[in-house]
Amino acid sequence: MTILVTGATGFIGSHFCVQALQQGLDVLLLDNLENSSLKVLDAIEQVTGVKPNFIEADLRDKSQLTQIFSVNKIDSVVHFAGYKAVGESATNPLMYYRNNVAGSINLLEVMKEQAVHKLVFSSSATVYGEPVFNPYTEEHRKLPFNPYGQTKSMMEDMMADLCKSDSQFSMVALRYFNPIGAHPSGKLGEDPKGIPNNLMPYITKVAVGELAELGVFGDDYDTVDGTGVRDYIHVMDLAEGHVKAIEYLNNHKGYEAINLGAGHGYSVLQLVKAFEDVNQVKIPYVIKPRREGDLAAYWADATKAEKLLGWTTQLTINDMVRDSWAWQSRNPKGYN
Ligand code: NAD
Ligand code: UDP
């Protein structure tokens, strides 16, 4: 039975596909290549020994989706495709609602029309907004404060409503914390276009000499060393969480939102130090003002994932910084 993977050539989707193929799952990869490269397919093949089946398609084109569902025996969907830059979502919100919400509605409609009932969706800890308490449990109220977070929250609500309306559906929204790291082979990794917004790809680009120094956004937060604290999770652990979620969907109906995080946080400077120590590379940095919209600290309560999915993180911060650097140092220009 085939698992359709949307956004399959992106950072997280590609690592999931490797994990799925290595466990003998049958995956059909879909992406519009807007934020990824066809070279990812070669990397997946090199790592797994399997040539992946790939379709270039856009979720905003419903007729294309209908066609794909009618000619393939799709049993479930893992839905990664979408835009993910918080700042861009504030300057161009409609583009985000069109892709992340309208594109996802197309997918849900086609699933309903074609009687495909199982879905795993990439949500985000950003749906919680300002922490009322830490760590966030799944019951923490949702109050996203940027359009990107709104799109994730809206898709979650649509999934929950759809499951309520029709008891055949089983759907899981996985709320990711901060995915970093790369496949340990150094053949797959994160390859952002332009100057990275996120911390880890910025660090690796400083390490490789492409950027001069890291700007640390604020050192006056109420945290261990004044810098922001996040729950970093290795992308291979994250990928495995999706495999477990598919197993869960095979045996359960209804909707669940589940945190995927390590359950503890590291500060910006702790991450920088781990990177330097493990990789023996110096990361020059300067303290900059706080970045607008940033929260001081949050991390996951990951007990629901353990209880429902039988999943916990296996890899450490040292694994994350080692694998991120293995990828970037072997591929200074990413997939190009
Ligand atoms: P990514 O940009 O690397 O991957 C997304 C992929 O989706 C890209 O390959 C892109 O070309 C494709 N895509 C975008 N719109 C499409 C469309 N309309 N039709 C078909 N393909 C389309 O991002 P990622 O880091 O791999 O993130 C995957 C998912 O996880 C996203 O939904 C993102 O919002 C979510 N997420 C990511 C993070 C993170 O830190 N990376 C954290 C929380 C949630
Ligand atoms: N950060 C930083 N410099 C950067 C990018 C990020 O100091 O160039 C900090 C940011 O303020 C936050 C943490 O690193 O405390 C993680 O930020 P990222 O953008 O990776 O993820 P977020 O949690 O914001 O989604």
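Every number for a ligand or one of its atoms is a count from 1 in the order of the listing.
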Among all protein heavy atoms, pick out the one at the shortest distance from [atom]; state its residue, atom name and that distance to 0.1 Å.
atom	answer
atom 12 (C) of ligand 2	R230 NH2, 3.8 Å
atom 26 (O) of ligand 1	I12 N, 2.8 Å
atom 5 (C) of ligand 1	G82 O, 4.0 Å
atom 9 (C) of ligand 2	V268 CG2, 3.7 Å
atom 43 (C) of ligand 1	Y176 CD1, 3.5 Å
atom 3 (N) of ligand 2	G215 O, 2.7 Å
atom 4 (O) of ligand 1	G10 CA, 3.4 Å
atom 25 (O) of ligand 2	N178 ND2, 4.0 Å
atom 18 (N) of ligand 1	N99 OD1, 2.6 Å
atom 17 (O) of ligand 2	R291 NH2, 3.5 Å
atom 22 (C) of ligand 1	N32 OD1, 3.2 Å
atom 29 (C) of ligand 1	F80 O, 3.1 Å
atom 1 (N) of ligand 2	F217 CD1, 3.6 Å
atom 10 (C) of ligand 1	D31 OD1, 3.3 Å

Between T316, T313, D323, which is the residue that forms a side-chain hydrogen bond (donor to acceptor under 3.5 Å, both in side chains) with H234? D323
Would you find more than 12 non-hydrogen atoms of other residues, nucleotides or ligands less than 6.0 Å from [X] atom [atom1]?
X	atom1	answer
D222	CG	no
E292	CD	no
K187	NZ	no
R98	CZ	no

Aromatic rings H183 and H15: how do their planes relate, parallel, tilted or perpendicular, breaks at 30° and 60°? tilted
Would you please classify the geometry between the Y176 ring and the H242 ring as parallel, tilted or perpendicular, with 30° and 60° separating the classes? perpendicular
Only heavy atoms of [X], strictly under 4.0 Å: list the atoms of ligand 1 that pass.
X	value
S124	43 (C), 44 (C)
R60	18 (N)
Y148	33 (C), 34 (O), 35 (C), 36 (N), 43 (C), 44 (C)
E34	11 (O)
S123	43 (C), 44 (C)
L33	11 (O)

H264-Y266 aromatic ring centre distance below 6.0 Å: yes
Report yes if the distance between the aromatic ring centroids of W327 and Y335 is under 6.0 Å, otherwise no. yes
Indicate whether the side chain of [X] and that of [Y] have a donor and an acceptor atom separated by less than 3.5 Å.
X	Y	answer
Y83	E34	yes
T137	D301	no
H79	S104	yes
T66	Q64	no
N106	R60	no

Using the rule ring-ring contact (aromatic ring centres under 6.0 Å, His included), only one of F133, Y128, Y136 pairs with Y298; which is it? Y136
Examine ligand 1 and decide if any of its atoms is less than 4.0 Å from a heavy atom belonging to K152. yes
Looking at ligand 1, is there an atom of it that comes within less than 4.0 Å of some heavy atom belonging to G103? no
Looking at ligand 2, does any of its N/O atoms fall within less than 3.5 Å of an N/O of N198? yes
V229 versus ligand 2: do any nitrogen or oxygen atoms come within less than 3.5 Å of each other? no
Just jot down the ligand 2 atoms closer than 4.0 angstrom to any heavy atom of N197, in number order. 5 (C), 19 (O)
Per-atom contacts, ligand 2 versus V216 - under 4.0 Å to a heavy atom: 7 (O)
Pick one of side chain, backbone, both or neither for how [X] approaches ligand 2, counting any non-hydrogen atom pair under 4.0 Å.
X	value
D294	side chain
T126	neither
L214	side chain
Y298	side chain
L199	both
Y232	side chain

In terms of side-chain geometry, is the basic nitrogen of D191 or K333 positioned less than 4.0 Å from the acidic oxygen of its partner? no
Among all residues two or more places apart in sequence or in another chain, which pass the side-chain contact (heavy atoms from CB on, under 4.5 Å) test with H252? Y248
Compare A8, A57, S122 and give the one whose heavy atom is closest to atom 30 (O) of ligand 1. S122
Is R230 positioned over the aromatic face of F177, cation under 6.0 angstrom from the ring centre and no more than 45 degrees off axis? no
